[in-house]
Amino acid sequence: MPYDPDNVFAKILRDEIPSTRVYEDDEFIAFRDVAPSAPTHILVVPRLVEGVAPASPAALTEADAAMVGRLVLTATRIASEQGLAEGGYRLVFNSGEDAGQTVHHLHLHILGGKALGPVA
Ligand code: 5GP
């Protein structure tokens, strides 16, 4: 699926839709999920580069490897800042229809704050 620059996360990045941001730097922003699946549910999202972002994990290429590594490390730092390190947490990428991906802009879910149970 080609990247749609009017997807909801692109609008959040442009402040066209409000969000509760918990972190931002030059490369990523993180904000609370509007429909949380756990007591702490945060989405970490890469900023647009030249107007685009990967639409999903399936759209990633070798050129994205370092960015994805930094995305995961950023999520682990945010999880620690949110007090999740001791109890543990889950990081989730959804890719495509069977995974239930609804927003086609790469994002990493941070879920924690309770025992999460089986993955699926
Ligand atoms: P996906 O299912 O695509 O992996 O996850 C998309 C997530 O984005 C869902 O958990 C959904 O609740 C969240 N979401 C959708 N629209 C909005 C919005 O406008 N604001 C925020 N903060 N989260 C959203």
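Atoms within each ligand, like the ligands themselves, are counted from 1 in listed order. Along the sequence shown, residues are numbered consecutively beginning with 1.
Protein heavy atom nearest atom 19 (O) of ligand 1, with residue, atom name and distance: V8 CG2, 3.3 Å.
Side-chain contact check for H105 and Y3: at least one donor-acceptor pair (N or O, by modelled atom type) lies under 3.5 Å.
Below 3.5 Å of separation, one finds an N or O of G100 facing an N or O of ligand 1. Between F31 and ligand 1, no N or O atom pair is found at a separation short of 3.5 Å. Any N or O atom pair closer than 3.5 Å counts here, and N94 shares at least one such pair with ligand 1. Residue contacts with ligand 1: H107 is placed with a nitrogen or oxygen under 3.5 Å of a nitrogen or oxygen of the ligand (distance criterion only).
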- request: Give the intermediate values and the outcome of ring pair (Phe, Tyr, Trp, His ring centres under 6.0 Å) for residues F31 and F9.
  value: CA-CA 10 Å; F31 50 89; F9 292 169; 5.4 Å; yes

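In this structure, H109 and H41 have tilted ring planes: the angle between them lies in the 30° to 60° band.
V45 has its side chain within reach of H107: a pair of non-hydrogen atoms, C-beta onward, lies under 4.5 Å apart. Under the 4.5 Å side-chain criterion, counting only non-hydrogen atoms from C-beta, L13 is in contact with I29.
Those atoms of ligand 1 that come under 4.0 Å of a heavy atom in A35, given as number and element, are 12 (O). Counting the atoms of ligand 1 from 1 in the order shown, those under 4.0 Å from a heavy atom of Q101 are 2 (O), 3 (O).
The residue from K11, R21, R32 that puts a heavy atom closest to atom 22 (N) of ligand 1 is R32. For atom 13 (C) of ligand 1, the candidate residues are L108, V34, D33, T102; the nearest heavy-atom contact is made by D33.
E16 CD: more than 12 foreign heavy atoms inside a 6.0 Å radius. Counting non-hydrogen atoms of neighbouring residues, nucleotides and ligands closer than 6.0 angstrom, the CG atom of D25 exceeds 12 such neighbours.
For the side chain to side chain contact (heavy atoms under 4.5 Å, CB included) criterion with T74, the lone passing option out of T76, I78, L71 is I78.
Residue-level proximity to ligand 1 for I12 is carried by the side chain, the only part with a heavy atom below 4.0 angstrom. Here T20 has no heavy atoms under 4.0 Å from ligand 1, in either its backbone or its side chain.
For the pair F9 and ligand 1, a heavy-atom separation below 4.0 Å is found.
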